[in-house]
**Q** 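My questions will all concern the structure given below.
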Amino acid sequence: MTEDQLYQQYLAGNAAAGDTLMLRCGDALTAYLDAFVHNPEDAEDLMLDCFTIILVNKPVIEDGHFRPYLFRMARNKANRLWKLRFRRQEFSLDESLVSSDDSPEDAIQKSERSRILHKCLNRIAPQYREALFLVYDANMRYAEAAETLGCGTKKIEDLLRNGKKRLRIELEKEGITHADI
């Protein structure tokens with residue numbers, strides 16, 4: 001069942017559908033918010049605020065637009081918080097946890113690659129980082145990412161193409177070639 005179908009069921013009175021929505025989208029939304037505010041507690045608070053607004057106010061959301069609506073609301077809330085607290089915008093991805101199944105050498109190698117990737121991501125423009133995050137980490141379709149960022153799908157394609165190009169250049173500066181990726 002899609003997020004949109006779950007939301008429609010919630011609107012029809014199925015409270016469990018709201019819980020399922022939070023479980024399904026909560027972690028990705030929190031990670032997205034944490035990339036803006038750089039504070040896991042604030043990110044979780046903002047995520048809960050977003051779901052509270054949606055589940056209490058029950059806004060009319062067109063079919064197929066639940067995720068973009070949710071992420072756009074979250075983005076706006078994060079921007080407001082960011083402006084209030086820090087007066088500058090920065091976007092980065094959190095390092096993923098290393099699997100315990102890895103050998104120590106593999107874990108060190110993954111950790112080093114992750115560190116270099118994040119270092120390189122922080123060197124490219126914020127709009128490229130955000131587009132890459134939405135499509136590749138939050139698994140949004142181009143149309144959903146475009147709606148979240150308030151632009152067209154052609155702009156998302158351009159941001160992704162240019163972002164990957166810039167990221168590849170930065171990775172090569174760090175000695176990571178296409179074959180290593």
Side-chain angles (χ1 to χ4, degrees), residues 25-44 46-47 50 64-65 67-181:
C25 300
D27 289 341
L29 187 62
T30 302
Y32 178 69
L33 288 164
D34 188 37
F36 276 104
V37 298
H38 302 289
N39 183 321
E41 292 82 19
D42 287 342
E44 191 167 330
L46 289 172
M47 180 271 299
C50 291
H65 296 271
R67 279 178 61 106
Y69 183 93
L70 177 65
F71 275 73
R72 186 172 185 110
M73 178 194 303
R75 182 177 191 243
N76 291 338
K77 286 188 159 298
N79 280 333
R80 272 187 239 120
L81 178 68
W82 192 254
K83 286 177 186 175
L84 288 173
R85 290 195 179 166
F86 304 107
R87 298 287 183 206
R88 66 183 180 95
Q89 183 177 2
E90 188 174 310
F91 189 92
S92 67
L93 298 173
D94 279 346
E95 290 190 37
S96 59
L97 298 174
V98 178
S99 171
S100 61
D101 297 336
D102 294 335
S103 70
E105 294 84 14
D106 290 342
I108 290 170
Q109 189 175 27
K110 275 186 179 179
S111 175
E112 181 63 15
R113 279 190 181 175
S114 180
R115 185 190 64 75
I116 291 171
L117 175 62
H118 288 88
K119 181 179 171 182
C120 292
L121 278 167
N122 284 326
R123 288 186 199 154
I124 65 175
Q127 66 268 21
Y128 296 149
R129 285 193 300 263
E130 190 170 6
L132 289 167
F133 177 86
L134 289 172
V135 172
Y136 295 110
D137 199 40
N139 296 321
M140 285 191 174
R141 296 185 319 265
Y142 285 17
E144 292 174 327
E147 190 173 332
T148 299
L149 296 178
C151 61
T153 54
K154 177 66 176 142
K155 175 73 172 177
I156 290 293
E157 291 171 6
D158 293 343
L159 288 171
L160 291 171
R161 183 180 61 251
N162 292 332
K164 287 190 276 188
K165 219 182 285 185
R166 300 282 163 89
L167 182 59
R168 187 173 296 122
I169 290 168
E170 292 301 324
L171 287 169
E172 287 173 356
K173 288 179 186 176
E174 294 294 324
I176 297 178
T177 63
H178 184 66
D180 295 333
I181 296 175

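What's counted below: heavy atoms across the whole structure, side chains too, no hydrogens, waters or symmetry copies.
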**Q** Search all heavy atoms of V37 against all heavy atoms of A43 and return the closest pair with its distance.
**A** CG2-N, 3.9 Å
**Q** Of all the heavy-atom pairs spanning V135 and A145, show the shortest one and how long it is.
**A** CG2-CB, 4.0 Å
**Q** How long is the gap from CG on N139 to CD on E144, to the nearest 0.5 Å?
**A** 10.0 Å
**Q** If you round to the nearest 0.5 Å, how far is NZ of K164 from CG of L171?
**A** 13.0 Å
**Q** Do the side chains of Y128 and L167 get nearer than 4.5 Å, heavy atoms only?
**A** no
**Q** Mind checking side-chain hydrogen bond (donor to acceptor under 3.5 Å, both in side chains) for K173 and listing every partner two or more places apart, or none if nothing turns up?
**A** E170
**Q** Drop me the distance from I156's CD1 to T148's OG1, to the nearest 0.5 angstrom.
**A** 8.0 Å
**Q** What distance separates R166 CZ from L159 CG, expressed to the nearest 0.5 Å?
**A** 11.0 Å
**Q** Provide the full list of salt bridge (charged side-chain N to carboxylate O under 4.0 Å, His left out) pairs with a residue in residues 146-155, sequence neighbours left out, each pair given once.
**A** K154-D158
**Q** Can you tell me how far apart CG (D34) and CG (D27) are? Round to the nearest 0.5 Å.
**A** 12.0 Å
**Q** Taking all non-hydrogen atoms of both residues, which atom of F133 and which atom of A31 are closest, and how far apart?
**A** CZ-C, 3.9 Å
**Q** At their closest point, which heavy atom of A138 faces which heavy atom of F71, and how far apart are they?
**A** CB-CE2, 4.2 Å
**Q** Do M140 and Y32 come within less than 4.5 Å of each other through their side chains, counting heavy atoms only?
**A** no
**Q** Quick check on side chain to side chain contact (heavy atoms under 4.5 Å, CB included): which of E44, M47, M73 does L29 satisfy it with?
**A** M47
**Q** For A74 and C50, which heavy atoms make the closest approach, and how far apart are they?
**A** CA-SG, 3.5 Å
**Q** Is any side-chain heavy atom of E130 closer than 4.5 Å to one of F36?
**A** yes
**Q** Could you tell me whether R72 atom CZ has more than 12 heavy atoms of other residues or ligands within 6.0 Å of it?
**A** yes
**Q** Is there side-chain contact between L121 and L132, with heavy atoms separated by less than 4.5 Å?
**A** yes
**Q** Atom OG1 in T153, atom CG in L160: separation rounded to 0.5 Å?
**A** 11.0 Å
**Q** Can you check whether L149 reaches R75 side chain to side chain, under 4.5 Å on heavy atoms?
**A** yes
